[in-house]
Amino acid sequence: MNESLNENDTGFSLPWIQTSDVNASLELSAFFSIFTINPWDIMLCISGTIIACENAIVVAIIFYTPTLRTPMFVLIGSLATADLLAGFGLILNFVFQYVIQSETISLITVGFLVASFTASVSSLLAITVDRYLSLYNALTYSSEKTILWIHLMLVVTWGVSVCLGLLPVLGWNCLDDTSSCSVVRPLTKSNVTLLSTSFFFIFILMLHLYIKICKIVCRHAHQIALQQHFLAASHYVATKKGVSTLAIILGTFGASWLPFAIYCVVGDQDYPSVYTYATLLPATYNSMINPIIYAYRNHEIQRSMWVLFCGCFQSKVSFRSRSPSDV
């Protein structure tokens with residue numbers, strides 16, 4: 001009796017153990033399939049982390065250095081703040097996408113990214129306008145009128161950026177009508193078309209201002225050569241350096257954002273998502289390059305970094321004074 005009972009127990013228990021193993025294996029595989037992370041999202045998160053760290057340093061330096069309150073540094077601070085928020089947005093988008101999956105949070109995150117990147121692009125335009133004013137109206141550049149104009153540009157820049165970021169949250173999205181979705185869900189096709197058109201306008205305007213700046217520099221350099229004012233030549237050497245910096249900025253700006261902007265217009269929601277990732281990732285690199293071009297190459301910011309992080313500024317280290325055209 002005991003032997004038969006043991007045989008029955010053994011014969012019954014083994015299939016139960018095998019079935020449980022199969023179920024556990026299926027549940028485990030289902031668990032990992034749910035939490036599979038897209039490598040493109042990882043790269044965007046890493047890009048956002050680098051962007052946030054770089055620009056947080058710039059914001060801290062400008063905020064804690066009283067001498068960096070001129071219009072130029074105010075605009076650089078605006079650019080760094082926008083890029084800092086964009087970096088945070090990329091990190092939050094990664095966290096919310098894989099931890100808290102909600103349509104509401106998705107809308108808020110996308111709106112936050114739209115506002116941040118719009119403010120970054122608009123701040124680049126504002127800096128270009130500032131560089132043009134510093135050359136075109138060199139004698140009155142430091143007047144109260146110029147400062148008022150700079151503050152007005154900042155208000156318009158951030159006001160428009162916040163409004164564009166609120167549009168998806170307030171209802172201009174494709175959650176209720178998936179047929180209207182763009183390559184960047186949950187933004188609609190008309191929404192990304194508006195954003196891309198705005199980018200093209202800003203890019204063309206920056207290119208126009210850059211050409212005018214080059215003409216002014218060449219005209220001034222010609223006048224100096226005719227008048228043989230060698231003492232003033234150093235100022236225009238700095239101006240030429242500022243123009244070359246603007247050329248680098250314009251080149252990196254176009255190379256970073258143009259592919260994504262064009263794809264948003266010509267792309268369709270049925271296209272593979274890899275195309276969206278492949279054009280969006282280089283666009284984020286612009287926010288990574290901005291602090292290197294604008295901030296870390298500036299001698300006054302370099303000096304402030306030395307004081308802020310080392311606390312042992314050495315007077316033996318020489319720093320060139322700022323000229324209005326320095327970026």
Side-chain angles (χ1 to χ4, degrees), residues 38-52 54-55 79 82-94 97 106-107 109-125 127-128 157 160-161 163-165 167-168 172-174 180-207 210 248-294:
N38 190 332
W40 287 101
D41 290 327
I42 296 177
M43 288 188 287
L44 285 175
C45 183
I46 294 175
S47 178
T49 303
I50 298 175
I51 291 171
E54 283 182 334
N55 289 280
L79 176 63
D83 288 333
L84 172 63
L85 295 177
F88 281 144
L90 291 173
I91 298 173
L92 293 177
N93 180 66
F94 178 84
Q97 185 174 356
S106 176
L107 283 175
T109 305
V110 170
F112 185 80
L113 285 171
V114 169
S116 301
F117 281 120
T118 302
S120 175
V121 172
S122 301
S123 295
L124 285 175
L125 174 61
I127 291 177
T128 307
T157 292
V160 172
S161 301
C163 290
L164 291 176
L167 290 179
W172 199 4
N173 57 71
C174 64
S180 64
C181 284
S182 66
V183 294
V184 184
R185 194 178 184 277
L187 298 180
T188 63
K189 182 69 174 180
S190 57
N191 195 337
V192 297
T193 301
L194 172 63
L195 295 174
S196 299
T197 303
S198 301
F199 166 80
F200 294 140
F201 173 77
I202 291 176
F203 182 77
I204 293 174
L205 185 57
M206 288 178 62
L207 180 61
Y210 170 71
I248 296 174
I249 293 166
L250 193 61
T252 56
F253 177 62
S256 299
W257 278 106
L258 275 176
F260 181 67
I262 294 174
Y263 180 67
C264 284
V265 175
V266 302
D268 188 79
Q269 61 171 331
D270 297 329
Y271 289 3
S273 61
V274 65
Y275 296 154
T276 303
Y277 282 113
T279 53
L280 176 60
L281 185 62
T284 64
Y285 292 160
N286 187 67
S287 296
M288 193 184 302
I289 298 173
N290 283 337
I292 299 175
I293 296 177
Y294 280 101

Heavy-atom pair of closest approach, residues [X] and [Y]:
X: S287; Y: D83; answer: OG-OD1, 2.8 Å
X: P168; Y: N173; answer: O-ND2, 2.8 Å
X: R185; Y: V110; answer: O-CG2, 4.4 Å
X: V192; Y: S182; answer: CG1-OG, 3.4 Å
X: V183; Y: G267; answer: CG1-C, 3.7 Å

Does the side chain of [X] reach to within under 4.5 Å of the side chain of [Y], using non-hydrogen atoms?
X: V114; Y: L187; value: yes
X: V121; Y: F253; value: yes
X: L195; Y: C264; value: no
X: P186; Y: S106; value: yes
X: E54; Y: I292; value: yes
X: W172; Y: S190; value: yes
X: F200; Y: I262; value: yes
X: F112; Y: N93; value: no

Any sub-3.5 Å donor-acceptor pair from [X]'s side-chain atoms to [Y]'s backbone N or O?
X: D41; Y: F94; answer: no
X: S47; Y: M43; answer: no
X: S196; Y: T193; answer: no

Notebook entry, point to check: Between atom CG of L84 and atom CG of L79, what is the distance when rounded to the nearest 0.5 Å?
Noted result: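 Those atoms lie 11.0 Å apart.
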Notebook entry, point to check: Do Y210 and F203 make the cut of ring centroids closer than 6.0 angstrom?
Noted result: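 Y210 vs F203: aromatic centres not under 6.0 Å.
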Next item on the list: Using the six-membered ring wherever Trp is involved, compare the ring planes of W40 and Y277 and label them parallel, tilted or perpendicular (cut-offs 30° and 60°).
Entry: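 Ring orientation, 0 to 90° scale: parallel.
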Next item on the list: Kindly assign one of parallel, tilted or perpendicular to the pair Y275 and Y263, based on the angle between their ring planes and the thresholds 30° and 60°.
Entry: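 Geometry flag for Y263 against Y275: perpendicular rings.
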Item checked: Derivation of the side chain to side chain contact (heavy atoms under 4.5 Å, CB included) call for L125 and T157 -> CA-CA 9 Å; L125 174 61; T157 292; over 6 Å; no
Notebook entry, point to check: Does the pair L164 and L194 meet the rule for a side chain to side chain contact (heavy atoms under 4.5 Å, CB included), with working shown?
Noted result: CA-CA 10 Å; L164 291 176; L194 172 63; 4.1 Å; yes
Margin query: Checking L207 against I204 for the side chain to side chain contact (heavy atoms under 4.5 Å, CB included) test, could you report, in this order, the C-alpha distance in whole Å, the side-chain angles of both residues, the deciding distance, and whether it holds?
Written below: CA-CA 5 Å; L207 180 61; I204 293 174; 5.6 Å; no
